Amino acid sequence: MIRRAVVEGVGHDLPDRIVANSHFEATLDTTDEWIRSRSGIERRHFAAEGQTTADLATNAARAALAQSGLTAADIDGVIVATSTPDLTFPAVATMVQTNLGMTRGYAFDVQAVCAGFIYALTTANALIVSGQAERLLIIGAETFSRIMDWTDRSTCVLFGDGAGALILGAAEGEGTNTDRGILSSDLNSDGRYREMLYVDGGVSTTGTAGKLRMQGNPLFRQAIGKLASTAEAALEKAGLGAADVDWIVPHQANIRIIAGTAKKLGLPMERVIVTVQDHGNTSAASIPLALSVGVADGRIRQGELVLSEAIGGGLAWGAILLRW
Ligand code: UT7
C-alpha cells in the first residue's frame, strides 16, 4: 500500500460581469470574428471594482468545501497558484485561510503563471505523500484584468478573471496506475524564453505592478510541441498511454493550441473539456475552473483518468495525471 493524494472536492467562482468580444470593437481595431477565429474566446468575466483575487479564491474554496462535505477545520493547508495577488505580500493563501476561519495549518502562494496550478498540485501531492499533510486546499485564482494594457489589442482581448479550487486528501492506494489520486506529474521551465510572456513591472524594478506583454505567435509556435511532450512524459511516468486518458483538461489559452495538442496526442476533441469560449485565458485558474465545470455537468466521474497540461510565462510548463 502507498499513500496517494485523492480529489475530495472541486468548486469555482467567476465574477458576475460578463464581457462579450463585441465590447472591444468600440475602443480597439478588432472584431468579434478575429477574436473567435484566432483564439476561440467568445466572452470572459471581469472582476468588479474592489473585488480581489483573494475574494474569488475564497468563494471557489467555499464551493469546493461544500461539494466535498468537509469544513475548513478539516484542512491542513492552503496553496494558491496566482500571478495577480492582492498585495506583494502576504500570500493570497493566508487571506483565504483567514476568510475561511482557519486558525491552524499553513498557507502559501505558488507563482508559475499559467502553469501555476500544475506546480501547485505537484507541490500538494508531495506534501501529502510524504506525510506532511492529510488534506490540502489547492486554488488557482487570478484577476488578469488588473494587468491588462487596454490599448494593446493583441493581449487585452484574451484574458479573464476567475478561480477554481480542489481539495486533495490522503488515501491508501495499491501503488498501481489504477489507484485514484495523482499518479504522476512533469514540470519544466526555461527562462531563456522570458520575453515571450512577461509583466513589465515589479517590486525590485519599477516599483509598480506593470502590464502584461506577450509575443503571441512565437509562443503559439512553442506551445503545442511542449504541451504534447510534457503530457507524454507524465503518461510514461505512470506507465500509461494517451489511449488510456478519459479527459484532457488543458490550460485554456487558445482553442487552436488545445485542439493541436489533443491531435498530437491522438485524442479526439470529444475527450477534451473546453471552457475557453466562456472564460478566456484565466491563467492559473483555467484548469481548476475547467475541472469544476466538467464535474458539475457530469462529464468527469470518479475513477476516470484526467490529464491536465499548461504552458505560460517563464516559460514554465507541465502536466499532471490523476485518476478522479
Ligand atoms: O496562457 C499563456 C500562454 N498563452 C498562449 O499560449 C497564447 C499563445 N498565442 C496565441 O494564442 C495566438 O498567437 C494569438 C491568439 C495571441 C494570436 O494569434 P495568431 O494567429 O498567432 O496571430 P498573430 O499574432 O500572428 O497576428 C496576426 C495578425 C497581426 O496582424 P499582421 O501583422 O498580420 O498585419 C496582428 O497585428 O492579427 C493582428 N492582431 C489582431 N487583429 C485584430 C493581433 N491582435 C488582434 C486583434 N484583432 N485583437
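Model, not experiment: these values are computed from the prediction. Just follow the structure's listing: the first ligand is 1, and inside any ligand the first atom is 1.
- By the criterion of a heavy-atom distance under 4.0 Å, neither the backbone nor the side chain of A223 is placed next to ligand 1.
- Counting heavy atoms under 4.0 Å from ligand 1, residue N254 touches it through the side chain alone.
- Considering every non-hydrogen atom in both S308 and I118, the closest pair reads O-CD1, 3.6 Å.
- Of all the atoms in ligand 1, the ones that sit under 4.0 Å from a non-hydrogen atom of L197 are 2 (C).
- For atom 47 (N) of ligand 1, a protein non-hydrogen atom is found at a distance below 4.0 Å.
- Between D76 and R104 a salt bridge is recorded (basic side-chain N to carboxylate O distance below 4.0 Å).
- Looking at D200 and R213, a side-chain N of the basic residue comes within less than 4.0 Å of a carboxylate O on the acidic one, giving a salt bridge.
- Atoms of ligand 1 found under 4.0 Å from any heavy atom of N217, numbered from 1 in the order shown, are 13 (O), 19 (P), 21 (O), 24 (O), 25 (O).
- The closest protein non-hydrogen atom to atom 30 (O) of ligand 1 is R153 NH2, 4.3 Å.
- Numbered from 1 in the order shown, with element, the atoms of ligand 1 that lie under 4.0 Å from a heavy atom of T30 read 42 (C), 46 (C), 47 (N), 48 (N).
- Within a 4.0 Å radius of atom 19 (P) of ligand 1, the protein contributes one or more non-hydrogen atoms.
- Closest to atom 8 (C) of ligand 1, if we only count protein heavy atoms, is G216 O, 3.6 Å.
- Atom 37 (O) of ligand 1 has its nearest heavy-atom neighbour, among F220, W34, F144, in W34.
- Under a 4.0 Å heavy-atom criterion, T155 is not in contact with ligand 1.
- Under the 3.5 Å distance criterion, the side-chain polar atoms of E42 are left unmatched by any main-chain donor or acceptor of D278.
- Less than 4.0 angstrom separates some heavy atom of H251 from each of these atoms of ligand 1: 1 (O), 2 (C).
- Taking every non-hydrogen atom of L158 and a distance limit under 4.0 Å, the qualifying atoms of ligand 1 come out as 16 (C).
- Residue I257 holds the heavy atom nearest to atom 6 (O) of ligand 1 of all those in I257, V113, I41, T31.
- The same ILVMFWY cluster, assembled from side-chain heavy atoms under 4.5 Å apart, contains both V272 and L235.
- R323 and D179 are not joined by a salt bridge, as no carboxylate oxygen comes within less than 4.0 angstrom of a charged side-chain nitrogen.
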How far apart are the C-alpha atoms of F159 and R44, what are their side-chain angles, what is the distance that settles it, and do they pass the side chain to side chain contact (heavy atoms under 4.5 Å, CB included) test? CA-CA 7 Å; F159 293 88; R44 74 287 290 137; over 6 Å; no
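- Within the 4.0 Å cut-off (strictly below), a protein heavy atom is located near atom 1 (O) of ligand 1.
- Distances below 4.0 Å separate heavy atoms of S154 from the following atoms of ligand 1: 44 (N).
- Counting only distance, with no hydrogens or angles, the side chain of T205 and the backbone of G201 share no donor-acceptor pair below 3.5 Å.
- Nearest protein heavy-atom neighbour of atom 5 (C) of ligand 1: L219 CD2, 3.6 Å.
- F46 and W150 have their aromatic ring centers within a separation under 6.0 angstrom.
- Within the 4.0 Å heavy-atom criterion, the part of N281 lying near ligand 1 is the side chain and not the backbone.
- Residue T84 forms a side chain to side chain contact (heavy atoms under 4.5 Å, CB included) with just one option from L212, T52, T53, and that option is T53.
- When the heavy-atom distances from atom 27 (C) of ligand 1 to R221, R38, R256 are ranked, the shortest goes to R38.
- Salt bridge absent: R299 and E270 never bring a charged side-chain N and a carboxylate O closer than 4.0 Å.
- Under the 4.0 angstrom criterion for non-hydrogen atoms, D29 is in contact with ligand 1.
- Under 4.0 angstrom from ligand 1, the non-hydrogen atoms of I311 all belong to its backbone.
- Residue S39 places no N or O, backbone or side chain, under 3.5 Å from any N or O of ligand 1.
- Applying the side chain to side chain contact (heavy atoms under 4.5 Å, CB included) test between R4 and each of I182, V129, L183 identifies L183 as the sole match.
- Here the side chain of D109 pairs a donor or acceptor atom with the backbone of A93 at under 3.5 angstrom.
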